[in-house]
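Working notes, beginning with the structure itself.
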Amino acid sequence: MHDRISRDERLETGVVYRKARGLYDVRTRDGQVQCSISNRLRKELVYPSSDPSSGTRRGVQSVREIHMIDPVAIGDVVLFAPAEAGRGQIREVEPRRNTLSRSIVDAKRRGGGREVEQVIAANVDQVVAVFAAAKPRPTWHLLDRYLVGAEASDIPALICVTKLDLADGERTRDDTAVYERLGYRVLYTSAKTGEGVDDVRDALRDRVSVLVGKSGVGKTSLLNALQPGLGLYVKEVSRSSGKGRHATTHLEMFPLDIGGGVVDTPGMKVFEPADDSTDIAYYFREMRPLLGLCRFGADCSHTHEPQCAIKEAVESGDIDERRYESYLKMV
Ligand code: GDP
Ligand code: ZN
């Protein structure tokens, strides 16, 4: 009898927008459902032991190599069994198109070097790297880090310059020209004058975007300019959930009125390419075609070796010096 019921059970599909304390908000065409996850999925769920909310530390002892903390992430398309009163239970996670992750060091084992990977979001359409034209002034190597992370996750990246009203527009464009030459789209905006806000709106429409950028660059103001109140709402949620014991367990995607959603990553060290067997130069678009042309081939670290194709390209001006400096900071 029970068998038959479960076999005939109708599953519905939706997208995970928010997770907190073991519950997942799933959006469907008709509304929102708060879901738990099935026991089968729960068995795959592993908490980092540094997270006090993990309580019994269930699963931690039994799993030696931890790769994923949570089998269900923001942006996942899931199949759930609907129950009463807007509740449900997630049974299946559809295959992911891509994932954007961060690593969390297990604090109790620091030095033991155990890192766990947390998926910030799945099925991401784009990473939006936000930085200010001035106040604070641009940190190029940070921007390059974001771009490398996006390349490593195979997710398109978009660059958004804010506070254009505080800087000399022409100089800013000179500074960012290298990125446009590499094929990255750069949006120039000011929440104060409204410049470029429509471009940002068009770029975000109907897409899942992960915003990265340090605090103070104007993400809140930009989101407010896009959709009144959105920035403040995001900031409020981030403030109450972004630190302390929920920092590793709470993640949220904020739906946009125009379709799509944004995931904010306040203060997160998002991007450390997880796979360290790959030459980081591979994630620099302009260096990629030169790999293998160095005298020492795949053994070249592009730092001190003679006849290094990448160093030669820097010297001839084909590779931007600032980009190469970022590379050096990352290796
Ligand atoms: P967040 O920390 O990235 O969310 O940054 P906020 O949006 O809170 O902005 C930080 C500061 O920069 C605030 O004092 C804002 O008023 C200011 N700010 C944000 N955008 C602009 C802008 O386009 N022009 C100017 N002049 N100031 C801005
Ligand atoms: Zn080299």
Side-chain angles (χ1 to χ4, degrees), residues 127-139 142-143 146 159-169 172 176 186-201 204 209-243 252 254 262-268 270 278-284 286-316 318-319 321 323-328 330-331:
V127 169
V128 183
V130 186
F131 71 91
K135 293 189 180 172
R137 81 162 166 252
T139 321
L142 196 58
L143 173 60
Y146 298 146
I159 297 170
C160 180
V161 185
T162 58
K163 307 195 192 185
L164 203 64
D165 60 286
L166 294 181
D168 174 348
T172 302
T176 50
V186 185
L187 302 178
Y188 301 91
T189 73
S190 164
K192 192 166 180 198
T193 66
E195 179 177 357
V197 172
D198 286 341
D199 295 334
V200 178
R201 192 178 288 114
L204 300 189
S209 306
V210 174
L211 300 189
V212 293
K214 51 182 189 183
S215 100
V217 297
K219 283 192 283 182
T220 303
S221 309
L222 189 64
L223 289 175
N224 276 338
L226 285 175
Q227 183 175 317
L230 177 64
L232 288 177
Y233 180 63
V234 171
K235 194 165 215 163
E236 204 42 58
V237 171
S238 303
R239 186 180 297 141
S240 58
S241 62
K243 45 188 174 212
E252 187 161 350
F254 302 93
V262 293
V263 180
D264 190 20
T265 57
M268 266 186 200
V270 182
T278 306
D279 188 343
I280 287 181
Y282 183 80
Y283 303 123
F284 284 76
E286 66 277 51
M287 299 181 191
R288 191 177 302 168
L290 299 176
L291 294 179
L293 301 181
C294 305
R295 176 171 164 197
F296 294 120
D299 292 330
C300 189
S301 69
H302 324 301
T303 56
H304 61 276
E305 296 85 348
Q307 292 167 45
C308 164
I310 287 173
K311 279 199 305 169
E312 282 168 6
V314 174
E315 272 150 36
S316 71
D318 289 339
I319 288 180
E321 245 171 82
R323 290 273 292 169
Y324 179 63
E325 279 163 26
S326 293
Y327 167 78
L328 291 179
M330 284 183 228
V331 288

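When a ligand or atom number is given, it counts from 1 through the structure's own listing order. Residues take their numbers from the sequence shown, with the count starting at 1.
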Original post:
How many protein atoms of type N/O/S are positioned less than 2.8 Å from the Zn ion (ligand 2)?
Top reply: 4

Give yes or no for whether the N/O distance cutoff of 3.5 Å, strictly under, is met between [X] and ligand 1.
X	answer
Val217	yes
Gly218	yes
Ala191	yes

Original post:
Under a 4.0 Å heavy-atom limit, does Thr220 contact ligand 1 with its side chain, its backbone, both, or neither?
Top reply: both

Subject >> Per-atom contacts of ligand 1 with Ser221, taking only distances under 4.0 Å to non-hydrogen atoms >> reply: 6 (P), 7 (O), 9 (O), 15 (C), 19 (C), 20 (N)

Subject >> Atoms in ligand 1 flagged as close to Lys235, the criterion being non-hydrogen separation under 4.0 Å >> reply: 2 (O), 4 (O), 8 (O)

Starting from [atom], find the nearest protein heavy-atom neighbour and note its residue, name and distance.
atom	result
atom 2 (O) of ligand 1	Gly216 N, 2.6 Å
atom 11 (C) of ligand 1	Lys163 NZ, 3.7 Å
atom 26 (N) of ligand 1	Asp165 OD2, 2.8 Å

Reported [atom1]-to-[atom2] distance for the pair [X] and [Y], which is rounded to 0.5 angstrom:
X	Y	atom1	atom2	result
Gln307	Cys294	CD	SG	10.0 Å
Tyr233	Leu223	OH	CG	13.0 Å
Ser301	Asp279	OG	CG	8.5 Å
Ser190	Leu164	OG	CG	7.0 Å

**OP:** Using protein heavy atoms only, decide if any is under 4.0 Å from atom 14 (O) of ligand 1.
**Re:** no

**OP:** Kindly check if the number of other-residue, nucleotide or ligand heavy atoms within 6.0 Å of CZ (Arg137) is above 12?
**Re:** no

**OP:** Check whether more than 12 heavy atoms from other residues, nucleotides or ligands sit under 6.0 Å from atom CZ of Phe296, and answer yes or no.
**Re:** yes

Original post:
Can Glu286 and Ile310 be said to form a side-chain contact (heavy atoms from CB on, under 4.5 Å), step by step?
Top reply: CA-CA 9 Å; Glu286 66 277 51; Ile310 287 173; over 6 Å; no

Subject >> From CA spacing to verdict: side-chain hydrogen bond (donor to acceptor under 3.5 Å, both in side chains), Thr162, Tyr188 >> reply: CA-CA 6 Å; Thr162 58; Tyr188 301 91; over 6 Å; no

Does the side chain of [X] come under 3.5 Å of the side chain of [Y] through a donor N or O and an acceptor N or O?
X	Y	answer
Thr303	Tyr327	no
Thr139	Lys214	yes
Ser316	Glu312	no

**OP:** May I ask whether Thr162 has any heavy atom positioned less than 4.0 angstrom from an atom of ligand 1?
**Re:** no

